[in-house]
Asks: 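Structure in structure tokens, see below.
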Amino acid sequence: MRSDEVKKGYQRTPHRSLFRATGLKDEDFSKPFIGVANSFIEIIPGHFFLNKVAEIIKDEIRANGCVPFEFNTIGVDDGIAMGHDGMLFSLPSRELIASSIETVMNAHKLDAMIAIPNCDKIVPGMIMGALRVNVPTIFVSGGPMAKGYKKDGTPIDLATAFEAVGKHEAGKMSDEELLDIECNACPSGGSCSGMFTANSMNTLMEAMGIALPGNGTILAQTSEREALYRSAAKHICEIAKDEVTGKKFKLKSILNENAIRNAFAVDMAMGGSSNTVLHMLAIANEAGVDFKLKDINEISKKVAHIAKISPSLSTVHMEDINKAGGVNAVMKEMTKRGNAVLLDNLTIGGETLLEKIANAEIKDENIIRTIDNPYSPVGGLAILYGNLAEEGAVVKTAGLTGARVFTGKAVCYDGQDEAVAGILMKEVKAGDVVVIRYEGPKGGPGMQEMLTPTSLIMGMGLGSSVALITDGRFSGATRGASIGHVSPEAAEGGMIGLLKNGDEIHIDVDNYILSVNLDDEEIAKRKTMFVPVKKPLQSRWLSQYRALVTNAGNGAVLRTDL
């Protein structure tokens, strides 16, 4: 066992003495040591109950002949951090989480790991850290939140609450209606109830084969979810106690190129968050998989969009997907299209992906459509290119509310705060393209999510007549003609930084185009005079992050070649 390095032999007498101080007995030193990587934090609705989840998991690990050691990562709630400079710390927290996993697991030579994430960057951060450690690892998330209901019975969620602010600002919603939504949009613990970033990543872990069936859809704080926790804990012990099995199930043996491609395919079939592109590129980088942004469009052409989930003009939520057959049913239906849409691959459960989904079936075709009746014959994400995005930009096509071809005049803002103020001052009109720059990984720094401006645009009734482009990113709750991750970003001299008010911007989703109608001579002239804005920073951590981070087209990973 890997842990023998810290517990076997007379030279490890001091080490065992320290272990005994934590409560270990003689018989424990022959058992596998299991890291229980928890992300318990009281300020996040998807995480405040994870301390109790960890107790369930640790009890099950002990009952199955292993020794659990719980440790924690940090977490940032994107909803609470949204709309102010707290969001600057959101994406950078992914790197801290990954490094904390790597640090604890490798410093103490633990044999295997069970990770308990749930929300936003915490999921990819844990995956990235686990890949660096490369021991058998199973992920079991806290689970999705139940959907809320207004007093009139209308299903609602966090996206409803953000968009309600725009409606209230436009005089289309009363104070009483706003309070009704505030009090009922998030009714319980769990990751926000729609196909936002957290639940997108939690379902993709099933597609990657690193989590058991139901991980993305079984509601939090239910007996069914507790059964999933116990099953995951029991299974990681079975793997860890068998040396041959343990070698077979090292994380990189499962999370390989096939797993990455399967994740993107399922993401597009279910209309997942555009943030998954950013995170999956970073995960591919950690896994040593040569996967490029341009590869996503090729996968999209093979995938039909068969599940439309809130916020994509839908009242369907994760609990509905669970009742309709879950992620396995989605994947089983995808295989009927052929063309190697899903690639067979080993999963942490011991079977291959195709074996795992063999008996799955759709239980409600109003929730999960068949291949013969898709929402779209192509996947729910697209990567756009052109002189405005030479290294790519991302649009969640599943959330589009307006035309798929759009040409409009640029209304430029140097940052989200400036944009929000301009939108509230009615500077944006139908037919405009809102440009928000200097919010990329380096320019932000930290790549803020643009849920506030997109929600204001949607709430003010401009969602189908206004487009928005940014070198920042969007919340999974965003919908509308919202194009993010524009690379190169403004802070590194990208074309988005050279735009002026009134420039004509052309968007063609089906032909993967994002361009500005300027000739080469004018672009060259602007480049010679361009000096990127560099925001002053008080934070030492964000200063370090800005110095090391790559752009969104490369997954916003930190450089290690300096």
Side-chain angles (χ1 to χ4, degrees), residues 1-3 28 31-39 50 52-71 101 105 110-118 123 126-127 129-131 133-143 201-218 220 222-256 259 262 322 326-328 331 344-360:
M1 287 186 283
R2 195 170 98 120
S3 60
D28 293 323
K31 300 174 181 177
F33 285 2
I34 310 295
V36 179
N38 199 357
S39 53
L50 296 186
K52 297 175 183 176
V53 170
E55 292 303 320
I56 294 168
I57 286 172
K58 288 188 292 183
D59 285 347
E60 196 68 29
I61 287 172
R62 293 187 191 99
N64 283 276
C66 296
V67 181
F69 290 100
E70 182 185 359
F71 62 96
I101 294 281
M105 288 295 295
L110 303 180
D111 296 302
M113 183 169 69
I114 183 166
I116 315 170
N118 212 24
V123 179
M126 283 191 160
I127 296 173
L131 282 164
V133 178
N134 196 29
V135 297
T137 303
I138 191 167
F139 292 81
V140 57
S141 301
M201 291 303 304
N202 287 330
T203 57
L204 296 197
M205 286 196 285
E206 292 190 47
M208 286 184 273
I210 59 177
L212 299 180
N215 183 72
T217 58
I218 298 173
T222 61
S223 57
E224 190 179 5
R225 195 80 197 182
E226 180 175 336
L228 183 67
Y229 301 144
R230 293 189 181 280
S231 180
K234 179 180 179 182
H235 193 63
I236 197 65
C237 288
E238 291 171 351
I239 293 172
K241 286 191 290 185
D242 187 316
E243 185 177 351
V244 174
T245 302
K247 290 180 180 178
K248 178 181 178 182
F249 286 97
K250 284 186 174 183
L251 187 56
K252 287 186 178 180
S253 298
I254 296 171
L255 216 173
N256 52 26
N262 286 341
N322 192 58
V327 181
N328 275 4
M331 291 193 286
D344 206 13
N345 204 41
L346 181 66
T347 72
I348 193 66
E351 67 274 80
T352 69
L353 183 69
L354 296 186
E355 289 171 343
K356 183 178 77 166
I357 66 176
N359 297 318

Asks: Check whether Asn202 reaches the backbone of Asn118 with its side chain - one donor and one acceptor, N or O, closer than 3.5 Å.
Replies: yes
Asks: Do the non-hydrogen side-chain atoms of Val123 and Leu204 ever get within less than 4.5 Å of each other?
Replies: no
Asks: For the residue pair Pro117 and Met201, establish whether any side-chain heavy-atom pair is separated by less than 4.5 Å.
Replies: no
Asks: Would you check, one step at a time, whether the test side-chain contact (heavy atoms from CB on, under 4.5 Å) holds for Asp111 with Val135?
Replies: CA-CA 7 Å; Asp111 296 302; Val135 297; over 6 Å; no
Asks: Quick check for you: to the nearest 0.5 Å, what is the distance between Thr347 atom OG1 and Leu212 atom CG?
Replies: 8.0 Å
Asks: Provide the closest heavy-atom pair for Phe249 versus Gly350 in the form atom of the first, atom of the second, distance.
Replies: CZ-CA, 3.7 Å
Asks: Would the distance check show the side chain of Asn38 and the main-chain N or O of Leu50 forming a donor-acceptor pair, the cut-off being under 3.5 Å?
Replies: yes
Asks: Under 4.5 Å between any side-chain heavy atoms of Val327 and Thr217, yes or no?
Replies: yes
Asks: Taking Asn328 for its side chain and Ile357 for its backbone only, find out whether a donor-acceptor pair lies under 3.5 Å.
Replies: no
Asks: Which heavy atom in Cys66 sits nearest to a heavy atom in Lys241, and how many Å separate them?
Replies: SG-CG, 3.9 Å
Asks: Would you find a donor on one side and an acceptor on the other, under 3.5 Å apart, between the side chain of Lys356 and the backbone of Glu206?
Replies: yes
Asks: Contact between Ile348 and Ile239 at the side-chain level, heavy atoms closer than 4.5 Å - yes or no?
Replies: yes
Asks: Short question: side chain of Asp344, backbone of Leu354 - any donor-acceptor pair under 3.5 Å?
Replies: yes
Asks: So do the side chains of Phe33 and Arg2 get within less than 4.5 Å of each other, counting heavy atoms only?
Replies: no
Asks: Are more than 12 heavy atoms, taken from residues, nucleotides or ligands other than Lys250, located less than 6.0 Å from that residue's NZ atom?
Replies: no
Asks: State, to 0.1 Å, how close Arg62 and Pro68 come at their nearest heavy-atom pair, and which atoms those are.
Replies: CG-CD, 3.6 Å
Asks: To the nearest 0.5 Å, how far apart are CD1 in Ile101 and CD1 in Ile127?
Replies: 10.5 Å
Asks: Please test Glu55 against Lys52 for salt bridge (charged side-chain N to carboxylate O under 4.0 Å, His left out), starting from the C-alpha separation and ending with a verdict.
Replies: CA-CA 5 Å; Glu55 292 303 320; Lys52 297 175 183 176; over 6 Å; no
Asks: Which atoms form the tightest heavy-atom contact between Ala115 and Met126, and what is the distance?
Replies: CB-SD, 3.9 Å
Asks: Under a 3.5 Å distance rule, please check whether Tyr229 uses its side chain to pair with a backbone N or O of Gly142 as donor and acceptor.
Replies: yes
Asks: Calculate, to the nearest 0.5 Å, the distance between atoms CE and OG1 belonging to Met331 and Thr203 respectively.
Replies: 9.0 Å
Asks: For the OG atom of Ser141 and the CD1 atom of Ile218, what is their distance to the nearest 0.5 Å?
Replies: 11.0 Å
Asks: Minimum heavy-atom separation for Gly35 to Phe71, with atom names?
Replies: CA-CE2, 4.2 Å
Asks: On a heavy-atom basis, which atom in Ile254 and which in Ile210 lie closest, and how many Å separate them?
Replies: CG2-CG2, 4.0 Å
Asks: Count the heavy atoms of every other residue, nucleotide or ligand shown that sit under 6.0 Å from CD of Glu243, and state whether that count exceeds 12.
Replies: no
Asks: CZ/Arg225 to CD1/Ile56 distance, rounded to the nearest 0.5 angstrom?
Replies: 11.5 Å
Asks: So, Asn134 side chain and Leu251 main chain: donor-acceptor pair closer than 3.5 Å or not?
Replies: yes
Asks: Tell me which one of Ile57, Ile61, Asn64 satisfies side chain to side chain contact (heavy atoms under 4.5 Å, CB included) with Lys234.
Replies: Asn64
Asks: Could you check whether any side-chain heavy atom of Met208 comes within less than 4.5 Å of a side-chain heavy atom of Asn262, counting everything from C-beta outward?
Replies: no
Asks: Measuring from atom CE of Met205 to atom CG of Leu255, what distance do you get when rounded to the nearest 0.5 angstrom?
Replies: 10.5 Å
